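Only a predicted model underlies this, so the values are computations on that prediction, with no experimental measurement involved.
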Amino acid sequence: PRRAGRRRDEVPSGVAMSSERSAAAGSPAPLCSEPAGADYRDWVRRSYLELVSSNHHSVQALSWRKLYLSRAKLKASSRTSALLSGFAMVAMVEVQLEMDYNYPKFLLIAFSACTTVLVAVHLFALLISTCILPNVEAVSNIHNLNSVNESPHERMHYYIELAWGFSTALGIILFLLEVVLLCWIKFLPVDSKRKTPQVVPAQPGEGHTGRDAALTSTIIMAPVGLIFVIFTVHFYRSLVGHKTERHNQEIEELHKLKVQLDGHDRSLQVV
């Protein structure tokens, strides 16, 4: 009877242990559903933070690209302005006027005005480049993403573009005009035997070689200047079109990002 009583006591204990094991095995089911939802929320939060951080890094990369572009423009405009203004000054100083020849008044006035405006434009571009470039260089040499905000290239953007336009567009056109006027002043007195610029009848073996040389330089320089203007307009239109296309792509990427975030928010609300 004692053994039977022990067996009877043991059986319910085993049953109790099995029931406890089954309860322990079945109890994690509701607990697992809650961590799954929490993990999903954490994943959505991490993905959102990664997207925001990537967007922040893309904005920083765009700022650094603008910084390097501004620095390159300032360097190019400073070199070009220094070179062309030096050539213009040398041309004005070294030109030798024939005192025995009566130059046309408008030719001397045009040459003087063109040279003065050319030097003034290039010196103004050189002044802007000299003032802004050291500040941009000082920031560009710092290897820190947040240091780009210390550069004045964003605030001085219009001055940088003004120096770039004066040095490359207006300055080069004035330099081409300077070359034409210099050719007329240099070659016009050749083979001239009179003090007045009247037409001399052609003689055997003689002619207006200087006038023909100046006219030839003008004929050559006219299409060159036209090609330069066409190339400048085409280049800037292509550059603006490229920037517009890039902005449209960035807007599309932002729209896709918004759609993805909206989808994550809806799925999170469903969960």
Side-chain angles (χ1 to χ4, degrees), residues 61-95 107 109-141 148 151-186 214 216-248:
L62 180 61
S63 299
W64 277 102
R65 185 177 63 183
K66 290 181 179 179
L67 174 64
Y68 289 136
L69 180 61
S70 300
R71 185 181 67 174
K73 284 184 176 181
L74 290 173
K75 285 185 176 181
S77 62
S78 63
R79 295 195 196 100
T80 305
S81 297
L83 186 65
L84 295 184
S85 61
F87 282 160
M89 288 299 298
V90 170
M92 175 174 280
V93 172
E94 295 296 331
V95 64
L107 182 61
I109 294 175
F111 178 73
S112 176
C114 181
T115 305
T116 305
V117 173
L118 175 62
V119 174
V121 165
H122 281 295
L123 288 181
F124 183 69
L126 185 60
L127 174 64
I128 295 175
S129 302
T130 305
C131 293
I132 302 178
L133 186 59
N135 298 297
V136 177
E137 285 280 358
V139 176
S140 63
N141 293 327
V148 68
S151 176
H153 69 281
E154 291 286 348
R155 188 172 182 178
M156 300 293 179
H157 174 70
Y158 294 103
Y159 295 102
I160 294 173
E161 294 296 330
L162 183 64
W164 174 255
F166 276 2
S167 179
T168 57
L170 182 60
I172 294 179
I173 291 175
L174 290 174
F175 188 78
L176 295 177
L177 183 59
E178 175 83 6
V179 172
V180 173
L181 294 175
L182 186 61
C183 289
W184 278 97
I185 290 177
K186 191 68 177 178
T216 302
S217 65
T218 306
I219 294 173
I220 293 174
M221 198 61 69
V224 171
L226 183 61
I227 292 173
F228 175 78
V229 172
I230 293 174
F231 173 76
T232 303
V233 173
H234 176 71
F235 172 75
Y236 279 102
R237 288 186 63 183
S238 301
L239 186 61
V240 171
H242 175 69
K243 289 183 178 180
T244 305
E245 184 179 357
R246 288 293 304 167
H247 287 312
N248 291 331

Query raised in the report: Roughly how far apart are Leu118 CG and Met89 CE, rounded to 0.5 Å?
Result: 10.5 Å
Query raised in the report: Hey, does Phe166 have a side-chain heavy atom less than 4.5 Å from the side chain of Leu162?
Result: yes
Report summary line: So CZ of Phe124 and OG of Ser129: to nearest 0.5 Å the spacing works out to 10.0 Å
Query - Sidechain-backbone polar pair: Thr115 side chain, Ser112 backbone, donor-acceptor under 3.5 Å - result: no
**Report entry** Over all atoms of both residues, closest heavy-atom pair of Ile172 and Ser167
**Finding:** CG1-O, 3.9 Å
**Report entry** Atom pair CZ/CG of Arg79 and Leu126 - distance to nearest 0.5 Å
**Finding:** 12.0 Å
Report summary line: NE2 of His122 to CG of Leu83, rounded to nearest 0.5 Å, is 9.0 Å
Query raised in the report: If we only count heavy atoms from C-beta on, is the Ile132 to His153 side-chain gap below 4.5 Å?
Result: no
Report task. Examine distances only and state if a side-chain atom of Ser77 and a backbone atom of Trp164 form a donor-acceptor pair shorter than 3.5 Å. Result -> no
**Report entry** Closest approach of Ser151 to Leu67 (non-hydrogen atoms, all atoms of both residues)
**Finding:** OG-CD1, 3.1 Å
Query raised in the report: Rounded to the nearest 0.5 Å, how far does OG of Ser81 lie from CG of Leu127?
Result: 10.5 Å
Query raised in the report: With a 3.5 Å cut-off and no angle check, do the side chains of Thr218 and Trp184 form a donor-acceptor pair?
Result: yes
Query raised in the report: Quick check: does any side chain N or O of Ser217 sit under 3.5 Å from a backbone N or O of Ala214, one acting as donor and the other as acceptor?
Result: yes
Query - Option from Leu170, Ile173, Thr116, Leu84 for which side chain to side chain contact (heavy atoms under 4.5 Å, CB included) with Val121 holds - result: Leu170
Requested in this report: Report the distance from atom CD of Glu137 to atom CZ of Arg71, rounding to the nearest 0.5 Å.
Outcome: 5.0 Å
Requested in this report: From the options Met156, Arg155, His157, select the one residue that forms a side chain to side chain contact (heavy atoms under 4.5 Å, CB included) with Tyr159.
Outcome: Met156
Query - Residues Glu94, Lys186: salt bridge by 4.0 Å N-O rule - result: no
Query raised in the report: Phe87 and Glu178: side-chain contact (heavy atoms from CB on, under 4.5 Å), yes or no, with the steps?
Result: CA-CA 10 Å; Phe87 282 160; Glu178 175 83 6; over 6 Å; no
Report task. Specify the closest pair of heavy atoms between Ser85 and Leu123, including all atoms of both residues, with the distance to one decimal. Result -> OG-CD2, 4.4 Å
Query raised in the report: Hey, which of Leu176, Leu226, Thr216 is the one that makes side chain to side chain contact (heavy atoms under 4.5 Å, CB included) with Met221?
Result: Leu176
